Structures are given as structure tokens and as C-alpha cells.
Amino acid sequence: MIIRPRRLRLTQAIRDMVSETRLSPSMFVYPVFIREGHNIIEDIPAMPGQKRYSPDTLPRILERAVRAKIGAVLFFGIPGHKDECGSSAYDDDGVIQQAIRTAKREFPELTVIGDVCMCEYTSHGHCGVLKGDYVDNDATLELLAKTAVSQARAGADIVAPSDMMDGHTGAIRTVLDENGLHNTLIFSYAVKYASAFYGPFREAAGSAPAFGDRKSYQMDPRNVREAVKEALLDVHEGADMIMVKPGLPYLDVLKTVKESVNVPVGSYCVSGEYSMIKAACANGWLDEKRVVLEAVTSIARAGADIIITYHAPEIAEWLA
Ligand code: PBG
């Protein structure tokens, strides 16, 4: 039970001692965009403070993450070449594979998560291969599994499929195991909504769909029981951790999912959430440190074990 002061004034130390929610640097994951090329560090206009790095400049930002002792980094690749079937995604010398190798060579103790999806790699921008104007679920599973294997071989500790195809976790687990990659964990985006909050990410990664939308494979924001169904399916297929995405607007979903599964649950505080805070702070309307810490505290209070956020390095430094 929480101590309720009446006439008694509590010190900050006592408030800390009895607080119900605690944050630590190790629960935060930092997403990083890596583009093909050399000597590149470029701004992402819709995400002030975030940049695209080429594999050779990547260690500069990773050094900060390592020093702040954050839990992991999550890599998104932006390839130089896109085609119908997203072949750069599973190229052993692709941009994300190069980035993973660089990160593990420079910082062997840093946990590296690879994003497994097709939308940054396909010319049409959808998260899978197309049959007519539909995404072909089962043909996509094969390519996702190949992508996961090539990332694991490059040294990824964890693969994170964000495509929302049915059966992705089982397909990836099977092929990882067939290739002897038993120690690679799967952090599945089990519960990912068709959200307008991904806008800035699509600019950052150049991954907006060329036609239509993602409503046939991402979830309807009106549904929460469906989230439990998706989460249980992924756990059954062998997910080691699962994700709910976006973050702050979906705390009810996060809490419900957390109560339904027995694996760690992550919450992804997405690009639009980041950019809203940044825009308000640039106008002097909000205090960035206080508002960011309150947002992630709320996400942790709702049940997140892991929080993926573009503010991860700052948060870890503030907590230290
Ligand atoms: C790729 C993917 C997206 C995000 C993560 N992985 C975009 C999308 O589904 O369109 C969004 C992350 C963010 O907004 O920060 N499928």
C-alpha cells in the first residue's frame, strides 16, 4: 500500500522507496536508421534530433547508447536498391547486415535487434510480396525467414518481425532452428495497429506504400480482443517477447495483452509520438524531460517490460 501523507511531509527518498513503477536504462531500446553509403549522417526533418547513418558512421551513435547502458538497439535498413520482392532485405551484404556486423565488431556487448520487414526494401512499399494488389502472405513468410537467417548470421542477437503476416513467428523460428541458429531470439510485433502515428517513420525510412494502405495486415484501432488473439498466436508459435504498437495511445491494449501472456511485453513509442513531443517542445509548450519521463512511466505502469523509443539515449542518461 502506498503511504498517504496527511500532515506528514514525505521526502523524495521515501517517495522513491515506495514508488510502484521503476524505470531502468536496461528496459529501453533505441531504434536507429541505417542507409546504404559512406560517411553519411543526415537529418530526418520530420523527426528532429534523429538521423540516418551509413554503416561506417554508425559507431558514433552506438557509443552513446553503450555508455548510457541502454538495453538494446533496433536497426532499420534503408537500401540503395529496391525491387518487387525486396531482395536487399535478405542479401548477406545488405545494409542492415553490414550495420549488424559493424555494431557487433565495435561493441560486442551491445544487444542488437534487427527489424525484419519488407516495406523498406520493396519498390511498392508494402510489407510483403504482391499477388495482384494484395500481399501474398505465405510467399512473404519465406522471404522473412531468409531475412531473419541472414541477420542472425551477421550477428543479430534478436530478430523483430514487424510485417504482421500471419504465421511469421513460427516460420522464422523453424528456419532459424534448421540453420542451427537456436540462440537467436524472436521479438515479435504481435500487436501492431494500422496507425497514422507512423507518418514520420515512413519519411525517415522511405517506406510509405505506393498505393493503398496496410489495413489488410495491420490491426483495426477499434479492436482489443483481437490483440489478445494475435499475442497468444505468436507466443504459441515461439515468440520470446512480443510487442504492442503504438505506445501511449494504446495503454489499454498493452495492459490487456500483458495480463494474457507469460512472455515479456514491449511497447513501441512510435515516430509520431516522438515528433509530437518534439514539436511542442520546440514551441516552448512542453518541458521535454518531464513530459518524456511521464510518458514512459505511464507505459511501464501499464505493464511494459521493454520500451522502444527514439528518446532512449536521453532517458538512460537522465536516469543515471
Ligand atoms: C515497418 C515498420 C513501421 C514502423 C516500424 N516498422 C512502419 C509501418 O508499418 O508503416 C513504424 C515505427 C515508427 O513509426 O516509429 N513495417
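Counting from 1, the numbers follow the sequence of the chain as shown. Note that the structure is predicted; figures quoted are calculated from it, not measured. Quick note: numbers below take in every heavy atom, side chains included, and nothing from hydrogens, waters or symmetry partners.
- Under a 4.0 Å N-O distance rule, the pair Asp16/Arg22 does not qualify as a salt bridge.
- When all heavy atoms of Ile113 and Ala72 are compared, the pair lying nearest together is CD1-CB, 3.8 Å.
- Checking side-chain atoms of Asp163 against main-chain N and O of Met165 turns up a donor-acceptor pair under 3.5 Å.
- Nearest heavy atoms, Asp240 versus Pro264: O-CD, 3.4 Å.
- Under a hydrophobic clustering in which Ile, Leu, Val, Met, Phe, Trp and Tyr are joined whenever their side-chain heavy atoms come within less than 4.5 Å, directly or via other members, Met243 and Phe28 fall into different clusters.
- Rounded to the nearest 0.5 Å, atoms OG1 (Thr309) and OH (Tyr268) are 9.0 Å apart.
- Between the side chain of Tyr134 and the backbone N or O of Ser216 there is no donor-acceptor pair closer than 3.5 Å.
- Listed for the Asp91 side chain is no donor-acceptor partner under 3.5 Å among the backbone atoms of Ser87.
- Under 4.0 Å is where a charged nitrogen must lie from a carboxylate oxygen, and between Glu317 and Arg64 at least one such pair does.
- Residue Leu141 comes nearest to Gly167 through the heavy atom pair CD2-C, 3.9 Å, listed as atom of the first residue, atom of the second, then distance.
- Between the side chain of Glu120 and the backbone N or O of Pro79 there is no donor-acceptor pair closer than 3.5 Å.
- Rounding to the nearest 0.5 Å places CD of Glu36 at 10.5 Å from CD1 of Ile78.
- Counting heavy atoms from C-beta outward, Lys51 and Ile61 have side chains that stay 4.5 Å or more apart.
- With hydrogens and angles disregarded, a donor-acceptor distance shorter than 3.5 Å links the side chain of His124 to the backbone of Glu84.
- With values rounded to the nearest 0.5 angstrom, Ile158 atom CD1 is found 12.0 Å from Asn183 atom CG.
- Within a 6.0 Å radius of CD in Glu142, other residues, nucleotides and ligands contribute 12 heavy atoms or fewer.
- In this structure, the ring of Tyr310 has its center no less than 6.0 angstrom from the ring center of Tyr30.
- Between His311 and Ile277, the shortest heavy-atom contact is CE1-CG2, 4.2 Å.
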Worked check of side chain to side chain contact (heavy atoms under 4.5 Å, CB included) between Tyr90 and Leu143: CA-CA 7 Å; Tyr90 45 89; Leu143 302 184; 3.9 Å; yes
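- Salt-bridge formation is detected for the pair Glu259/Lys255: a Lys NZ or Arg NE/NH1/NH2 atom is positioned less than 4.0 Å from an Asp or Glu carboxylate oxygen.
- Transitive grouping of hydrophobic side chains (ILVMFWY, heavy atoms separated by less than 4.5 Å) keeps Leu74 and Ile307 in distinct clusters.
- Taking all atoms of both residues into account, the shortest heavy-atom contact from Ser195 to Gln218 is N-OE1, 4.2 Å.
- Remark: side-chain polar atoms of Asp213 are paired, donor with acceptor, to backbone N or O of Lys215 under 3.5 angstrom.
- Judged by distance alone, the side chain of Ser275 and the main-chain N or O of Ala46 form a donor-acceptor pair under 3.5 Å.
- Under a 3.5 Å cut-off, the side chain of Ser88 and the backbone N or O of His81 do form a donor-acceptor pair.
- The backbone N or O of Cys85 sits less than 3.5 Å from a side-chain atom of Asp83, completing a donor-acceptor pair.
- By the 6.0 Å contact criterion, CZ on Phe197 is open, its count of non-hydrogen atoms from other residues, nucleotides or ligands being 12 or less.
- The line from CD1 of Ile242 to CG of Asp234 is 7.0 Å long, rounded to the nearest 0.5 Å.
- Look at Asp93 and Arg101 and you find a salt bridge, because one of the NZ, NE, NH1 or NH2 atoms lies within 4.0 Å of a carboxylate O, short of that distance.
- Listed by chain and number, the residues in a ring-ring contact (aromatic ring centres under 6.0 Å, His included) with Tyr53 amount to none (sequence neighbours excluded).
- Using a cut-off of 4.0 Å between Lys/Arg side-chain N and Asp/Glu carboxylate O, Glu314 and Lys289 are scored as not salt-bridged.
- Remark: Lys192 qualifies as a cation-pi partner of Tyr198 under the 6.0 Å distance and 45° angle criteria applied to the six-membered ring.
- Aromatic ring pairs are classed by plane angle as parallel below 30°, tilted from 30° to 60° and perpendicular above 60°; the pair Phe76 and Phe201 is perpendicular.
- Glu237 CD to Ser188 OG: the interatomic distance, rounded to the nearest 0.5 Å, is 8.0 Å.
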Could you walk me through whether Phe187 and Val159 satisfy the side chain to side chain contact (heavy atoms under 4.5 Å, CB included) test, starting with their C-alpha distance in whole Å, then the side-chain angles of each, then the deciding distance to 0.1 Å, before giving a yes or no? CA-CA 6 Å; Phe187 190 175; Val159 290; over 6 Å; no
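- Interatomic distance, OG1 of Thr111 versus CG of Leu185, reported as 9.5 Å (0.5 Å rounding).
- Under the 3.5 Å distance criterion, the side-chain polar atoms of Lys258 are matched with a main-chain donor or acceptor of Gly303.
- Aromatic pair His126/Phe211: centroids less than 6.0 angstrom apart.
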